[in-house]
Amino acid sequence: MQTAPAPFADQPPVPSDRPSVPHWTHLALRSLLDATLHRLDYGGYLHQLEDAKTADVAEAMRKAHEMFGTGPVPAGWLGTEDFRRIPAGSIMFLLQLCRAIGNEDRLKAMAGPLAISTLQGAEDLDELQWALKALLPLHDVVRSPSRASRKSELQFLVNDVLSTRRPRRFDAVERMAGTAAGLPILLILPAGDAAPRAVASVRVAALQIEPVDGTVVRWFLSALHPEASPDTLAALDLPDDEALEAIDMDDLLTALRNPAPEAAAAGLRALATPVVKEAGPRLADLAGYGAVKAVALQIVSDLAAWQRGELPWGDVTRGLLLSGPPGTGKTELARVMAREAGITFESGSYGQWQKHGNMGDMLREMDRTFARAKAAPPAILFIDEIDGFGSRRTQDQSSNASYEAKVITALLQHLDGVDGREGVVVIGACNHVEMLDPAIRRPGRFDRVLHIGPPCLEDLPIILRQHLGDDLADADLTRIAAMAQGRTGAECAAAVRNARAAARQERRAMAEVDLEAVLIGSFDGTPKDVLYRTAVHEAGHAIVAVALGVATPVILGLTSGGGLATMRERPGLVCATDLHHLRMVDLAGRAAERIVFGHVAIGSGGAADSDLARATRRILEEELSEGIGALGPIWCGPAVRPSAFMDLPQDFRDHVRGWLKIAEDDAVEELKRNESLLVEVGMALLERRVIAGTALAEFMSRVEDSRAGVSRMPG
């Protein structure tokens with residue numbers, strides 16, 4: 001008669017008779033056989049894999065039971081192929097649990113009267129209950145004291161981190177006091193939690209579920225492949241234990257689904273092989289990040305120095321929190337940092353972790369992500385949309401407050417790295433940093449909090465070239481970049497893709513006009529006189545800004561949605577005169593239309609960022625917030641809504657209208673002094689659609705400064 005597979009790393013000796021010292025594998029084989037014979041239902045969420053046919057497991061277990069058990073098992077007890085299959089994940093967990101228990105004697109002690117034991121590392125409570133039933137088929141295993149009775153043989157209590165039924169802090173002693181007298185108890189603790197002192201002093205066992213290693217994998221394969229010889233299983237070329245621990249459990253079970261043990265081992269080796277880093281720009285070549293790039297370069301340099309043993313981990317930036325609008329490249333920055341030699345990249349988000357199911361599933365996926373990063377240092381762990389975790393301060397009244405608070409607490413524990421995260425830098429990305437829990441933002445978790453905005457005009461040509469590759473090799477990207485002013489890096493990438501698509505549709509190579517059409521839109525159907533009015537309007541803004549020395553024009557452009565005049569405002573504008581000059585610039589477009597066309601058309605108002613809105617907001621803030629207006633030292637709030645204008649007293653509304661009219665009239669006087677240049681710039685903009693760089697500087701150098709009677713271009 002064949003004997004069960006046995007020659008593995010921590011097996012007992014296999015004499016001809018039953019071993020004198022029981023072993024954890026005996027416990028596992030016996031419980032799997034009992035599960036088969038009793039056709040135990042699996043009450044949790046079924047894994048996708050149910051590879052272990054009951055009949056196959058039963059045959060292997062029958063052979064093992066004849067060696068380890070009390071006597072032969074008649075073949076008729078084992079059933080047929082119609083038996084319920086045991087999920088592969090259940091077999092794996094049962095092996096891990098049996099290894100933690102150790103042997104039948106310890107299990108017997110745990111199930112004895114008055115026994116109290118603790119278990120850490122059990123994440124799926126339904127799977128745990130199934131495994132306990134398999135180990136104790138004649139016992140009534142219950143989860144909650146409220147369901148316990150004197151007929152129950154074993155209860156397990158759950159810490160609130162894994163159970164959302166009780167909103168307040170778990171009190172083990174109190175809950176155990178409410179259980180039926182004399183019943184054994186298994187207390188489930190999250191990893192890292194200490195048992196209550198009253199429990200620690202009397203418990204008969206303190207169990208810890210250890211990660212899957214080569215020994216457990218071989219015993220798992222012996223259950224799935226009873227035909228495999230012991231030598232075959234012992235000789236399998238498996239990844240080392242550290243690499244196995246880093247493999248996601250679902251991925252591991254998928255690899256083990258291979259039809260032969262050798263193929264399963266090859267699948268595991270493939271999962272453990274480092275992924276070749278994707279091609280792309282190096283960190284030093286990135287553009288559009290401003291001061292954030294320097295911080296990123298320093299972190300990468302420090303990680304390399306730590307890996308070489310030249311820098312203690314305490315001197316490395318532990319975390320970097322990036323905030324900014326969508327599309328500004330927060331995710332790309334983290335990926336490019338990890339693209340540097342020797343750095344591992346792992347990522348997750350609230351949404352990715354939460355989609356796996358209930359809170360226990362979510363916390364397990366979060367644990368796995370951090371575990372993979374910690375298993376392959378130096379590493380960057382990127383948490384996208386971290387503001388999705390929210391803040392406990394704003395969740396106090398929510399029906400999900402208890403759930404969210406526990407999730408945030410779990411994240412904080414990982415960020416603190418109390419169980420060690422040396423070599424792992426966490427980078428978080430969010431759109432609204434103010435929505436984050438203050439505890440998440442604090443130093444030690446995220447040492448730096450930096451904002452990323454749209455790239456500046458100087459960086460846009462570099463960004464466009466990175467996305468264009470070899471296309472438009474001779475194009476003047478400085479001119480085209482002016483058309484992309486205000487766009488994010490993601491929007492620039494989308495513009496290049498759309499331009500390529502337009503060229504493909506016409507079966508030709510991409511041309512500059514394709515990219516320009518995407519960036520500034522089409523003017524088809526727009527009357528020329530409307531475009532000229534818009535051009536004059538934008539030219540008026542630029543000329544008055546230069547004449548007053550309050551801003552430097554960066555770009556003038558016509559777009560399908562109107563016009564734009566991008567300015568770089570001179571720093572240090574703090575006086576009432578400065579604010580009046582800025583209002584003159586705001587209303588200079590209207591002033592230009594009055595001079596050239598004799599009247600003003602719509603377009604200066606309407607939107608919240610329109611010329612009239614900005615000018616009105618400036619005068620209201622000057623009067624009601626900054627305390628430097630005609631009303632004197634008064635403060636009505638940090639910002640005043642222009643929509644509140646009609647709620648103000650009539651005489652004050654007249655005062656505001658008066659100052660706005662003065663600003664527009666003063667702008668008219670400045671433009672009359674430069675009327676010929678105004679018309680010339682308007683005509684040039686109508687023809688070119690965009691004026692920037694040297695061409696714009698040349699036009700602005702001819703602006704007459706009324707204050708000094710000479711031409712000047714503000715710096």
Side-chain angles (χ1 to χ4, degrees), residues 10 12 18-38 40 43 61 64-65 68-71 90 93-122 124-159 162-163 170-190 193-210:
D10 58 352
R18 183 181 179 187
S20 58
V21 180
H23 187 255
W24 75 265
T25 53
H26 173 203
L27 193 62
L29 297 177
R30 192 269 300 163
S31 58
L32 280 172
L33 177 61
D34 285 333
T36 298
L37 295 179
H38 292 278
L40 288 178
M61 297 306 104
H65 203 283
F68 289 117
T70 57
S90 300
F93 178 75
L94 184 59
L95 289 171
Q96 292 174 280
L97 181 60
C98 290
R99 192 176 192 182
I101 295 173
N103 54 55
E104 294 277 6
D105 292 339
R106 198 176 189 190
L107 176 64
K108 183 178 180 180
M110 291 171 53
L114 298 175
I116 299 176
S117 306
T118 60
L119 174 65
Q120 290 184 314
D124 189 322
L125 300 181
D126 292 311
E127 202 162 66
L128 172 61
Q129 188 162 9
W130 178 89
L132 290 172
K133 287 183 178 180
L135 285 165
L136 300 166
L138 301 180
H139 291 58
D140 183 17
V141 179
V142 296
R143 182 184 306 184
S144 169
S146 63
R147 298 204 301 261
S149 69
R150 292 190 179 275
K151 296 181 180 179
S152 299
E153 298 288 343
L154 177 68
Q155 304 181 66
F156 64 98
L157 308 181
V158 185
N159 183 293
L162 295 179
S163 174
F170 172 68
D171 187 335
V173 177
E174 174 190 339
R175 289 182 65 179
M176 286 188 290
T179 63
L183 296 182
I185 293 173
L186 178 62
L187 176 62
I188 312 304
L189 299 173
D193 272 20
R197 292 177 60 187
V199 173
S201 63
V202 298
R203 62 185 170 188
V204 300
L207 311 181
Q208 172 71 51
I209 300 294
E210 299 294 344

At their closest point, which heavy atom of [X] faces which heavy atom of [Y], and how far apart are they?
X: F93; Y: L128; answer: CE2-CA, 3.7 Å
X: L97; Y: A131; answer: CD2-CB, 3.7 Å
X: I209; Y: A122; answer: CG1-N, 4.1 Å
X: L95; Y: W24; answer: O-CZ3, 3.5 Å
X: Q96; Y: E210; answer: NE2-O, 3.0 Å
X: A111; Y: P184; answer: O-CG, 3.6 Å

* Asked: Got a second to check how far L135's CG is from M110's CE, nearest 0.5 Å?
  ->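 With rounding to 0.5 Å, CG (L135) is 8.5 Å from CE (M110).
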
* **L187 side, atom CG; Q120 side, atom CD - distance, nearest 0.5 Å** => 9.5 Å

* Asked: Quick one: are R106 and N103 in side-chain contact, heavy atoms under 4.5 Å?
  ->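 Yes, their side chains come closer than 4.5 Å.
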
* **side-chain contact (heavy atoms from CB on, under 4.5 Å) involving A206 - partner list, sequence neighbours excluded** => T118, R203

* Partners of S117 by side chain to side chain donor-acceptor pair (under 3.5 Å), sequence neighbours excluded? ->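 Counting only residues at least two positions away or on another chain, S117 forms no side chain to side chain donor-acceptor pair (under 3.5 Å).
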
